[in-house]
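Below is one structure, written out as C-alpha coordinates; the observations come after it.
Everything quoted here is computed from the prediction, not taken from an experiment. Positions are given from 1 along the sequence.
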Amino acid sequence: MKISVSPPPFSDAPVVVLIAGLGGSGSYWLPQLAVLEQEYQVVCYDQRGTGNNPDELPQGYTLSDMADELYQALSHAGITQFAVVGHALGALVGLQLAIVRPDAVSALVCVNGWLTLNAHTRRCFQIRERLLHAGGAQAWVEAQPLFLYPADWMAARAPRMEAEEALSLAHFQGKNNLQRRLLALKQADFRALAARVRCPVQIICSADDLLVPAVCSSELHDALPGSDKAVMRQGGHACNVTEPEAFNTLLLNGLASLMHSPEPAFKELP
(Lines give C-alpha, C1' and ligand atoms only; values in the text may rest on other atoms or scores of the structure.)
Protein backbone atom coordinates (compact mmCIF):
# COMPACT_ATOMS: atom_id res chain seq x y z
CA MET A 1 0.00 0.00 0.00
CA LYS A 2 1.33 3.44 -0.97
CA ILE A 3 1.77 6.08 1.72
CA SER A 4 2.98 9.68 1.52
CA VAL A 5 5.69 10.63 4.02
CA SER A 6 6.72 14.28 4.39
CA PRO A 7 10.35 15.25 5.04
CA PRO A 8 11.11 15.59 8.77
CA PRO A 9 11.29 19.28 9.78
CA PHE A 10 14.24 18.44 12.05
CA SER A 11 16.27 15.43 13.10
CA ASP A 12 14.24 12.83 15.03
CA ALA A 13 10.98 14.71 14.51
CA PRO A 14 8.03 12.65 15.81
CA VAL A 15 5.88 10.94 13.19
CA VAL A 16 2.15 11.70 12.97
CA VAL A 17 -0.08 9.44 10.86
CA LEU A 18 -3.33 10.93 9.56
CA ILE A 19 -6.23 8.53 8.94
CA ALA A 20 -9.33 9.76 7.12
CA GLY A 21 -12.87 8.47 7.58
CA LEU A 22 -15.14 6.50 5.28
CA GLY A 23 -14.11 8.46 2.18
CA GLY A 24 -10.60 7.11 2.70
CA SER A 25 -8.75 9.96 1.01
CA GLY A 26 -5.57 11.37 2.48
CA SER A 27 -6.43 14.73 0.92
CA TYR A 28 -9.11 15.11 3.60
CA TRP A 29 -6.34 16.46 5.85
CA LEU A 30 -5.13 19.25 3.55
CA PRO A 31 -6.21 21.98 6.03
CA GLN A 32 -3.85 20.44 8.62
CA LEU A 33 -0.78 19.52 6.57
CA ALA A 34 1.06 22.84 6.50
CA VAL A 35 0.91 23.41 10.25
CA LEU A 36 1.66 19.82 11.19
CA GLU A 37 4.64 19.58 8.88
CA GLN A 38 6.32 22.40 10.82
CA GLU A 39 6.51 20.20 13.91
CA TYR A 40 6.19 16.59 12.74
CA GLN A 41 7.01 14.15 9.98
CA VAL A 42 3.53 13.57 8.58
CA VAL A 43 2.18 10.42 6.94
CA CYS A 44 -0.94 10.58 4.75
CA TYR A 45 -2.43 7.83 2.63
CA ASP A 46 -5.44 6.80 0.62
CA GLN A 47 -6.97 3.77 2.25
CA ARG A 48 -7.04 0.47 0.41
CA GLY A 49 -9.69 0.49 -2.30
CA THR A 50 -9.58 4.29 -2.66
CA GLY A 51 -7.53 6.91 -4.54
CA ASN A 52 -3.90 5.93 -5.07
CA ASN A 53 -4.46 2.48 -3.59
CA PRO A 54 -7.09 0.99 -5.92
CA ASP A 55 -8.15 -2.55 -5.12
CA GLU A 56 -11.26 -4.70 -4.82
CA LEU A 57 -11.83 -5.23 -1.12
CA PRO A 58 -12.58 -8.82 -0.10
CA GLN A 59 -15.78 -9.92 1.55
CA GLY A 60 -15.41 -9.99 5.31
CA TYR A 61 -13.05 -7.00 5.24
CA THR A 62 -12.54 -5.79 8.80
CA LEU A 63 -11.18 -2.96 10.88
CA SER A 64 -8.31 -5.26 11.85
CA ASP A 65 -7.44 -5.56 8.16
CA MET A 66 -7.36 -1.76 7.85
CA ALA A 67 -5.07 -1.41 10.85
CA ASP A 68 -2.74 -4.21 9.72
CA GLU A 69 -2.44 -2.82 6.18
CA LEU A 70 -1.39 0.56 7.54
CA TYR A 71 1.03 -0.92 10.05
CA GLN A 72 2.71 -3.03 7.37
CA ALA A 73 3.06 -0.02 5.07
CA LEU A 74 4.60 2.04 7.88
CA SER A 75 6.98 -0.77 8.80
CA HIS A 76 8.03 -1.10 5.16
CA ALA A 77 8.85 2.63 5.21
CA GLY A 78 10.98 2.16 8.33
CA ILE A 79 8.50 3.86 10.67
CA THR A 80 8.26 1.93 13.93
CA GLN A 81 6.74 4.48 16.31
CA PHE A 82 4.13 7.12 15.56
CA ALA A 83 1.20 9.13 16.81
CA VAL A 84 -2.18 8.68 15.11
CA VAL A 85 -4.80 11.30 14.28
CA GLY A 86 -7.97 9.63 13.03
CA HIS A 87 -11.32 11.02 11.93
CA ALA A 88 -14.49 8.90 12.44
CA LEU A 89 -13.62 5.53 10.85
CA GLY A 90 -10.00 6.67 11.02
CA ALA A 91 -10.35 7.09 14.79
CA LEU A 92 -11.51 3.46 14.99
CA VAL A 93 -8.46 2.33 13.01
CA GLY A 94 -6.35 4.35 15.45
CA LEU A 95 -7.99 2.64 18.42
CA GLN A 96 -7.37 -0.75 16.85
CA LEU A 97 -3.70 0.07 16.28
CA ALA A 98 -3.31 1.35 19.84
CA ILE A 99 -4.69 -1.94 21.15
CA VAL A 100 -2.84 -4.42 18.93
CA ARG A 101 0.40 -2.42 18.46
CA PRO A 102 0.89 -0.69 21.83
CA ASP A 103 4.66 -0.39 21.39
CA ALA A 104 4.21 1.45 18.09
CA VAL A 105 1.47 3.98 18.88
CA SER A 106 2.85 6.78 21.06
CA ALA A 107 -0.33 8.91 21.13
CA LEU A 108 -3.82 8.93 19.66
CA VAL A 109 -6.19 11.72 18.66
CA CYS A 110 -9.78 10.63 17.96
CA VAL A 111 -11.85 13.17 16.00
CA ASN A 112 -15.62 12.54 16.06
CA GLY A 113 -15.04 8.89 16.89
CA TRP A 114 -17.00 6.38 18.96
CA LEU A 115 -16.86 3.15 20.98
CA THR A 116 -19.72 1.46 19.17
CA LEU A 117 -22.09 2.77 16.52
CA ASN A 118 -24.69 5.15 17.92
CA ALA A 119 -28.34 4.45 16.97
CA HIS A 120 -28.59 7.85 15.28
CA THR A 121 -25.40 7.27 13.28
CA ARG A 122 -26.65 3.84 12.25
CA ARG A 123 -29.88 5.41 11.02
CA CYS A 124 -27.94 7.98 8.99
CA PHE A 125 -25.91 5.25 7.31
CA GLN A 126 -29.04 3.21 6.58
CA ILE A 127 -30.53 6.21 4.80
CA ARG A 128 -27.33 6.80 2.88
CA GLU A 129 -27.15 3.14 1.83
CA ARG A 130 -30.70 3.31 0.51
CA LEU A 131 -29.67 6.32 -1.54
CA LEU A 132 -26.67 4.38 -2.84
CA HIS A 133 -28.85 1.45 -3.91
CA ALA A 134 -31.54 3.64 -5.45
CA GLY A 135 -29.45 6.37 -7.06
CA GLY A 136 -25.94 4.98 -7.24
CA ALA A 137 -22.77 7.00 -6.78
CA GLN A 138 -24.48 10.25 -7.82
CA ALA A 139 -27.04 10.07 -5.00
CA TRP A 140 -24.41 9.06 -2.43
CA VAL A 141 -22.10 11.93 -3.39
CA GLU A 142 -24.90 14.52 -3.52
CA ALA A 143 -26.09 13.60 -0.02
CA GLN A 144 -22.65 13.35 1.55
CA PRO A 145 -22.12 17.08 2.33
CA LEU A 146 -25.39 17.16 4.28
CA PHE A 147 -23.81 14.85 6.84
CA LEU A 148 -20.39 16.51 6.82
CA TYR A 149 -20.90 20.26 6.89
CA PRO A 150 -23.10 22.83 8.68
CA ALA A 151 -25.89 24.22 6.49
CA ASP A 152 -24.74 27.85 6.58
CA TRP A 153 -21.17 26.84 5.71
CA MET A 154 -22.39 24.92 2.64
CA ALA A 155 -24.78 27.68 1.55
CA ALA A 156 -21.92 30.19 1.48
CA ARG A 157 -19.77 27.88 -0.65
CA ALA A 158 -21.99 26.64 -3.47
CA PRO A 159 -19.22 26.63 -6.14
CA ARG A 160 -16.97 24.67 -3.81
CA MET A 161 -19.74 22.14 -3.16
CA GLU A 162 -20.19 21.62 -6.90
CA ALA A 163 -16.46 21.15 -7.40
CA GLU A 164 -16.24 18.67 -4.51
CA GLU A 165 -19.18 16.72 -5.93
CA ALA A 166 -17.51 16.41 -9.33
CA LEU A 167 -14.22 15.34 -7.73
CA SER A 168 -15.92 12.79 -5.48
CA LEU A 169 -17.76 11.27 -8.42
CA ALA A 170 -14.57 11.06 -10.46
CA HIS A 171 -12.80 9.24 -7.61
CA PHE A 172 -15.72 7.22 -6.23
CA GLN A 173 -14.36 4.10 -4.56
CA GLY A 174 -17.04 1.80 -5.98
CA LYS A 175 -20.23 0.43 -4.52
CA ASN A 176 -18.76 -2.89 -3.37
CA ASN A 177 -15.78 -1.31 -1.66
CA LEU A 178 -17.95 1.29 0.03
CA GLN A 179 -20.39 -1.31 1.33
CA ARG A 180 -17.60 -3.50 2.68
CA ARG A 181 -15.95 -0.56 4.43
CA LEU A 182 -19.32 0.43 5.83
CA LEU A 183 -19.93 -3.05 7.17
CA ALA A 184 -16.53 -3.08 8.88
CA LEU A 185 -17.35 0.30 10.43
CA LYS A 186 -20.75 -0.85 11.69
CA GLN A 187 -19.38 -4.04 13.21
CA ALA A 188 -16.59 -2.34 15.18
CA ASP A 189 -17.18 -2.36 18.94
CA PHE A 190 -14.58 -1.16 21.44
CA ARG A 191 -16.67 -1.24 24.61
CA ALA A 192 -14.86 -4.29 25.93
CA LEU A 193 -11.49 -3.33 24.46
CA ALA A 194 -10.99 0.34 25.34
CA ALA A 195 -9.33 -0.51 28.66
CA ARG A 196 -6.44 -2.01 26.68
CA VAL A 197 -5.48 1.38 25.21
CA ARG A 198 -2.32 2.46 27.01
CA CYS A 199 -1.14 5.48 25.03
CA PRO A 200 -2.27 9.03 25.89
CA VAL A 201 -5.45 10.03 24.06
CA GLN A 202 -7.03 13.31 23.00
CA ILE A 203 -10.68 13.35 21.92
CA ILE A 204 -12.00 16.17 19.71
CA CYS A 205 -15.63 16.50 18.67
CA SER A 206 -18.06 19.08 17.35
CA ALA A 207 -21.24 19.95 19.22
CA ASP A 208 -23.20 20.27 15.97
CA ASP A 209 -22.07 17.03 14.30
CA LEU A 210 -25.14 15.71 12.46
CA LEU A 211 -23.69 12.27 11.75
CA VAL A 212 -21.91 11.37 14.99
CA PRO A 213 -23.48 13.01 18.06
CA ALA A 214 -21.07 14.56 20.55
CA VAL A 215 -22.29 12.11 23.18
CA CYS A 216 -20.28 9.45 21.33
CA SER A 217 -17.07 11.29 22.19
CA SER A 218 -18.25 11.63 25.79
CA GLU A 219 -18.72 7.86 25.97
CA LEU A 220 -15.27 7.33 24.47
CA HIS A 221 -13.81 9.78 26.98
CA ASP A 222 -15.46 7.92 29.87
CA ALA A 223 -14.08 4.61 28.61
CA LEU A 224 -10.53 5.95 28.39
CA PRO A 225 -9.55 7.19 31.88
CA GLY A 226 -7.04 10.00 31.66
CA SER A 227 -7.98 10.99 28.12
CA ASP A 228 -8.51 14.66 27.29
CA LYS A 229 -11.65 15.88 25.52
CA ALA A 230 -12.27 19.12 23.63
CA VAL A 231 -15.67 20.09 22.23
CA MET A 232 -15.81 22.56 19.35
CA ARG A 233 -18.94 24.72 19.39
CA GLN A 234 -19.45 24.34 15.65
CA GLY A 235 -17.97 22.76 12.56
CA GLY A 236 -20.11 19.72 11.86
CA HIS A 237 -18.72 16.25 11.26
CA ALA A 238 -15.86 17.58 9.14
CA CYS A 239 -14.90 20.23 11.71
CA ASN A 240 -11.22 20.10 10.73
CA VAL A 241 -12.27 21.28 7.24
CA THR A 242 -14.91 23.86 8.15
CA GLU A 243 -13.12 25.39 11.16
CA PRO A 244 -9.45 24.66 10.45
CA GLU A 245 -7.95 27.45 12.56
CA ALA A 246 -9.78 26.45 15.73
CA PHE A 247 -9.25 22.75 15.03
CA ASN A 248 -5.54 23.13 14.31
CA THR A 249 -5.03 24.97 17.58
CA LEU A 250 -6.70 22.16 19.51
CA LEU A 251 -4.79 19.51 17.57
CA LEU A 252 -1.35 21.06 17.89
CA ASN A 253 -1.77 21.84 21.57
CA GLY A 254 -3.14 18.36 22.13
CA LEU A 255 -0.29 16.62 20.33
CA ALA A 256 2.26 18.73 22.19
CA SER A 257 0.68 17.72 25.49
CA LEU A 258 0.32 14.04 24.58
CA MET A 259 3.90 13.82 23.39
CA HIS A 260 5.26 15.75 26.39
CA SER A 261 6.55 18.82 24.60
CA PRO A 262 7.42 21.54 27.12
CA GLU A 263 5.44 24.25 25.35
CA PRO A 264 2.21 24.13 23.31
CA ALA A 265 2.55 24.95 19.62
CA PHE A 266 -0.26 27.50 19.76
CA LYS A 267 -1.78 29.68 22.46
CA GLU A 268 -4.98 28.51 24.09
CA LEU A 269 -8.27 29.32 22.38
CA PRO A 270 -10.03 32.39 23.81
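Remark: Ala163 engages no residue in a side-chain contact (heavy atoms from CB on, under 4.5 Å) (not counting sequence neighbours). Legend: residues meeting side-chain contact (heavy atoms from CB on, under 4.5 Å) with Gln72, ordered by chain and number and at least two apart, are Asp68, Arg101. Under the side chain to side chain donor-acceptor pair (under 3.5 Å) criterion, Tyr45 pairs with no residue, sequence neighbours left out. Looking at residues two or more places apart in sequence or on another chain, you find a side-chain contact (heavy atoms from CB on, under 4.5 Å) between Pro145 and Tyr149, Met154, Met161. Every residue two or more places apart in sequence or in another chain was checked for a side chain to side chain donor-acceptor pair (under 3.5 Å) with Gln81, and none qualifies. For Trp29, there are no ring-ring contact (aromatic ring centres under 6.0 Å, His included) partners, not counting sequence neighbours. Not counting sequence neighbours, the partners of Ala194 by the side-chain contact (heavy atoms from CB on, under 4.5 Å) test are Leu115, Ala223, Leu224. Shown here are the side chain to side chain donor-acceptor pair (under 3.5 Å) partners of Asn53, two or more places apart in sequence or in another chain: there are none.
Each of Phe147 and Leu131 belongs to its own hydrophobic cluster when Ile, Leu, Val, Met, Phe, Trp and Tyr are linked at side-chain heavy-atom distances under 4.5 angstrom.
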(request) Give the intermediate values and the outcome of side chain to side chain contact (heavy atoms under 4.5 Å, CB included) for residues Gln41 and Val5. (result) CA-CA 7 Å; Gln41 185 171 29; Val5 184; 3.4 Å; yes
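Separating the CD atom in Gln234 from the CG atom in Asp152 is a distance of 7.0 Å, to the nearest 0.5 Å. Here SG of Cys199 is found 5.0 Å from CG of Leu108. Values are rounded to the nearest 0.5 Å.
Closest of all the heavy-atom pairs between Leu74 and Val43 is CD2-CG1, 3.9 Å. The two atoms that bring Cys216 and Gly113 nearest to each other are CB-O, 3.6 Å, heavy atoms only. Closest heavy-atom contact between Pro150 and Gly236: CG-N, 3.8 Å. When every heavy atom of Ala83 is checked against every heavy atom of Leu255, the shortest pair comes out as CB-CD2, 4.4 Å.
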Please tabulate, for side-chain N and O atoms in residues 17-28, each donor-acceptor pair with protein atoms closer than 3.5 Å (sequence neighbours left out).
residue	atom	partner	partner atom	Å
Ser25	OG	Ser27	N	3.2
Ser25	OG	Ser27	OG	2.6
Tyr28	OH	His87	NE2	3.2
Tyr28	OH	Asn240	OD1	2.4

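Listed by first and then second residue, the ring pair (Phe, Tyr, Trp, His ring centres under 6.0 Å) pairs involving residues 181-216 amount to none (not counting sequence neighbours). Within the structure, ring pair (Phe, Tyr, Trp, His ring centres under 6.0 Å) contacts touching residues 48-79 (residues at least two apart or in different chains) do not occur. Applying the ring pair (Phe, Tyr, Trp, His ring centres under 6.0 Å) rule to pairs touching residues 90-122 yields nothing, sequence neighbours excluded.
At distances below 3.5 Å, not a single donor-acceptor pair connects side-chain atoms of Asp228 with backbone N or O atoms of Gln202.
A salt bridge does not link Glu129 with Arg122: every distance from a Lys NZ or Arg NE/NH1/NH2 to an Asp or Glu carboxylate oxygen is 4.0 Å or more.
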